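Below is one structure; the comments refer to it alone.
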Amino acid sequence: MVRVPVAALRTLTNRVRLSPARRSIRTLTAPGPAGNPERPWLSALGLTAVVLVGAWLGLLIVGSVRAPVGPMNTTMALRPSLSGGTKINISPLGTLTLDSHVAPVRLDVNVDQLDPLRSQALVDHPERLSGLQEEVAQDVEHGTLDLAVRSCVAVAAGAATLGLAVYRRPRRALAAGGLALALLAASGASAYATWNPKSVLEPKYSGLLSSAPSVVGNARSIVTEFDVYQKELARLVTNVTKLYDVTSTLPAYQPDPSTIRVLHVSDIHLNPASWKIIASLVEQYKVNVIVDSGDTMDHGIAAENGFLDPIRDLDVPYVWVRGNHDSMITQRYLERMKNVRVLDGGRAQTVAGLRFAGMGDPQFTPDRSAVPGGNAAEQLAGDRLASALRDQRARRTAVDVAVAHEPAAARETDGEVPLVLCGHLHHEGDEMLPYGTRLRMEGSTGGSGLRAVEGKYPAPIEASILYFDRDSRRLQAWDAIKLGGLGETTAEVSRHLATPVKPGPRPAPSGSVTSSAPSP
């Protein structure tokens, strides 16, 4: 009989019993003959994986708290995230996403249900709404504190438990739990350092909430509130309460009477669905004037003119500038409509309390017999518009909003007007130019027309509601509206605040050329 040493037998038995997954992890962390790790970086990598996975599992399993916030019952939780922020899920109405902080954790708030007793108390005693702001702030503070404590316990316990299962050493398990706790503390410090209380004023809506812009108040109250976070959070909770109380329709938007509301559209490109969308926005937002920054047509021929007839039924002034797909035939047809104000040659008109001036696009690209002028032609048109704006200011009839189709032309107005609107590139954008003019570029309100199906995904339909102060005639805020393209049913509304703009002196024109990609 062959005698096998006891030590060798035990070693062989352990190797047979060791699972492949555990053998792999132990290989990463196994010490060498002298007691030091053979590969320190592999050992550190294995410990990092244990800490991250254990912390995530801990947050997922026990890292949430239920907390009442005003008249609602909510569930708060921390989740790993690359960008941070706060996500508020108000089922079944949709979600609000806030850029509240930058950290590797996101705060998720699920509105579970409306408490009938507390809600009825608010309905029966409206005077309690005055104290709702303080109540909501206290509820959020208590809920966040409870969540912080529970999250610390969750990540430490999760990492320690997984560490004990992997390493079978209490010291290693405690180290994993301590590292997870330190990681959460660092994430909390990052969130605290980057906390943005005004993020509640610029949420991104999705779902049915995109149809209720009043959920965060009107534009004038946004820029005048003193205690921003508490007051607007209370307003948010109050309006969500109203949303739950309505069974068939969402509450109507009540605009501030001192606000001028402008609907900015562009690049419709013969999409007939655009007129229904525009009419719906005009009604929902009580729009005072529509501004179309061009490319309403595709070929600019007389046969397309009938497409423009729904403009007559919009019942609001329609300010229009020519795009590079619009011809003079198109322009003359629109000039005969009573509610249309065609801007060209830098001419200025006062519409709905605002003074507009614009310049039609100097190029008509569907005409293949003409040599395109490129950016040089656009800059020349922009220079002419800037000269007209200076003349208007000299006559004490300063222009509030300039309109051009091409961004290269629009940029030439820098320093001459507080705001310039344009389109052409089929995507939304906002830019503060060097000398104080804000450039607002609209996406395609027609979803790029027939070009919507050329890409991998259908192009979205975009438009904006601009809010102007009636006294100063300056932009206060805007709602960027994005609807899913062909075959899609998504809707998003993002509110943005406008910083005060003070145009500075404009330098003498230089010979530089700014490139801009033309639309197809």
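Everything numeric in this text was worked out from a predicted model, so none of it was measured.
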Looking only at atom types and distance, does a side-chain atom of [X] sit under 3.5 Å from a main-chain N or O of [Y], one as donor and one as acceptor?
X      : Y      : result
Arg79  : Leu107 : no
Ser444 : Asp267 : yes
Ser187 : Pro104 : no
Asn196 : Ser100 : no
Ser266 : Thr445 : no

If we count only N and O atoms by modelled type, under 3.5 Å, do the side chains of His496 and Asp430 hold a donor and an acceptor together?
no
Any donor-acceptor pair under 3.5 Å linking the side-chain atoms of Thr75 with those of Asn110?
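Judged by distance alone, the side chains do not pair up.
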Could you tell me whether [X] and [Y] have a side-chain N and a carboxylate O separated by less than 4.0 Å?
X      : Y      : answer
Arg440 : Glu428 : yes
Arg347 : Asp344 : no
Arg474 : Asp469 : no
Asp471 : Arg473 : no
Asp295 : Arg322 : no
Arg390 : Glu416 : yes

Under 6.0 Å from the CD atom of Glu335, do we count more than 12 heavy atoms belonging to anything else shown?
yes
For Asn339, is the CG atom crowded, meaning more than 12 foreign heavy atoms sit under 6.0 Å from it?
yes
Please work out which of the three classes, parallel, tilted or perpendicular, describes the rings of His269 and His325, given edges at 30° and 60°.
perpendicular
Within the 4.5 Å heavy-atom criterion, are Trp320 and Thr296 side-chain neighbours or not?
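Yes. Closest side-chain heavy atoms under 4.5 Å.
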Could you point out which residue of Gln379, Glu431, Glu406, Glu378 forms a side-chain hydrogen bond (donor to acceptor under 3.5 Å, both in side chains) with Arg411?
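The side-chain hydrogen bond (donor to acceptor under 3.5 Å, both in side chains) with Arg411 is passed solely by Glu431 among Gln379, Glu431, Glu406, Glu378.
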In Å, rounded to the nearest 0.5 Å, how long is the span from CD1 of Ile268 to CG of Asp292?
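That separation rounds to 4.5 Å.
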